[in-house]
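Written out below as structure tokens is the structure these notes cover.
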Amino acid sequence: MPAVAPKPDVLAAFEAAKGFMPVGEGLALYEAAVEAGRLGLPLLEVGTYCGRSTILLADAARAAGVTAITVDHHRGSEEQQPGWDYHDPATVDPELGLMDTLPTFRRTLHQARLEDHVVAVVGRSPQIAAFWNSPLGLVFIDGGHTDEHATGDYEGWAPHVAEGGLLLIHDVFPDPVDEFTGQAPYRVYLRALESGAFTEVSATDSLRVLRRTGAGV
């Protein structure tokens with residue numbers, strides 16, 4: 001158990017929510033979010049899905065008196081589309097025949113009583129990052145797993161991590177066998193380290209936590 005952990009009701013809401021993040025990684029995410037919240041800046045995640053990780057960011061934001069921001073187009077990433085292992089038919093809009101995780105996300109936050117601490121930005125990450133101009137205490141990259149999307153999320157959002165702030169990258173899998181699930185995040189992780197702008201703080205399974213210690217990306 002990490003030094004800082006969510007209260008039992010928050011952890012229970014996280015475990016009950018639809019999503020893929022294991023508890024161990026969730027606890028590491030929460031601990032990082034609590035630390036980053038002390039900077040007094042918003043905490044932002046890319047890749048909302050149904051709000052499982054958002055619960056932890058929102059609770060940490062509530063404790064720090066800041067806001068959690070979550071960015072997603074809510075149409076699902078590549079591996080969540082029909083025919084792929086991570087597809088959930090329950091997330092498909094029956095009228096449109098397209099994925100729409102926004103209703104489930106809103107229900108998740110409401111049930112966890114955290115709606116007041118989250119701003120949900122619905123849209124594609126690069127479009128939103130292009131006009132974003134505020135510093136962030138934490139950026140959690142957990143979006144698409146292609147090089148295009150993972151690189152776009154990094155290039156769009158890493159520049160906004162404040163000095164001393166944290167950059168978190170999820171689904172970092174160094175083994176080439178995981179090409180379709182974690183190699184693109186792994187390459188982004190290596191790029192962050194090689195930039196000289198970020199220093200690794202911790203690694204918990206596939207979650208990497210880095211701190212901004214220099215300029216650039």
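Just the heavy atoms: all of them, side chains too, but no hydrogens, waters or symmetry mates, feed the values below.
Residue Leu56 comes nearest to Pro6 through the heavy atom pair CD2-CG, 4.2 Å, listed as atom of the first residue, atom of the second, then distance. The two atoms that bring Met21 and Phe140 nearest to each other are CE-CZ, 3.6 Å, heavy atoms only. Of all heavy-atom pairs between Ala28 and Leu207, the closest is CB-CD2, 3.9 Å. Minimum heavy-atom separation, His74 to Phe105: CE1-CB, 4.0 Å. Nearest heavy atom pair, residue Asp153 against residue Gly144, reads OD2-N, 4.2 Å. Of all heavy-atom pairs between Ala61 and Ala68, the closest is CB-N, 3.7 Å.
In summary, of the residues considered (Asp72, Leu102, Thr101), a side chain to side chain contact (heavy atoms under 4.5 Å, CB included) with Cys50 occurs for Thr101 alone. Of the candidates Val209, Leu193, Leu167, Leu193 is the only one forming a side chain to side chain contact (heavy atoms under 4.5 Å, CB included) with Glu200.
No side-chain heavy atom of Pro42 sits less than 4.5 Å from a side-chain heavy atom of Val66. Glu15 places a side-chain heavy atom less than 4.5 Å from the side chain of Val23. Counting heavy atoms from C-beta on, the side chains of Glu45 and His170 never come closer than 4.5 Å. You'll find the side chain of Pro185 reaches within 4.5 Å of the side chain of His145, heavy atoms only. Residues Ser53 and Leu29 form a side-chain contact, since some pair of their non-hydrogen atoms from C-beta on lies under 4.5 Å apart. At least one side-chain heavy atom of Val118 sits under 4.5 Å from a side-chain heavy atom of Thr54. Here the side chains of Phe20 and Asp171 are not in contact, with every heavy-atom distance at 4.5 Å or above. Contact check for Tyr30 versus Leu11: no side-chain heavy atoms found under the 4.5 Å cut-off.
Note: His160 and Trp132 have perpendicular aromatic rings, judged against thresholds of 30 and 60 degrees for the angle between ring planes.
Expressed to the nearest 0.5 Å, how far CD of Glu115 lies from NE2 of His110 amounts to 6.0 Å. Within the model, atoms CZ of Arg52 and CG of Asp142 stand 11.5 Å from one another, a figure rounded to the nearest 0.5 Å. Distance CG/Leu210 to CG/Leu166: 8.5 Å, rounded to 0.5 Å. Within the model, atoms CG of Leu136 and CZ of Arg212 stand 10.5 Å from one another, a figure rounded to the nearest 0.5 Å. The NE2 atom of His117 sits 13.5 Å away from the CG atom of Leu57 when rounded to the nearest 0.5 Å. Note that the CD1 atom of Ile141 and the CG atom of Leu44 stand 9.5 Å from one another [nearest 0.5 Å].
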Go through Lys18 and Tyr49 one step at a time and tell me if the side-chain contact (heavy atoms from CB on, under 4.5 Å) criterion holds. CA-CA 8 Å; Lys18 189 188 295 287; Tyr49 190 53; 4.0 Å; yes
Stepwise, does the side-chain contact (heavy atoms from CB on, under 4.5 Å) test hold for Arg191 with Thr151? CA-CA 9 Å; Arg191 177 176 170 180; Thr151 300; 3.6 Å; yes
Between Arg75 and Leu96, does a side-chain contact (heavy atoms from CB on, under 4.5 Å) hold up when you go through it step by step? CA-CA 11 Å; Arg75 294 300 188 197; Leu96 299 180; 3.9 Å; yes
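Residues Leu39 and Leu168 do not share a hydrophobic cluster, clusters being chains of Ile/Leu/Val/Met/Phe/Trp/Tyr side chains in contact below 4.5 Å. By the rule that hydrophobic residues join a cluster once side-chain heavy atoms approach within less than 4.5 Å of another member, Val201 and Leu41 end up as members of separate clusters.
Within a 6.0 Å sphere centred on CZ of Arg106, heavy atoms belonging to other residues, nucleotides or ligands number 12 at most. Residue-environment remark: CZ (Arg62) exceeds the threshold of 12 foreign heavy atoms within 6.0 Å.
Seen from the ring of Phe198, Arg211 does not count as a face-on cation partner, given the 6.0 Å and 45° thresholds.
Checking side-chain atoms of Gln183 against main-chain N and O of Pro174 turns up a donor-acceptor pair under 3.5 Å.
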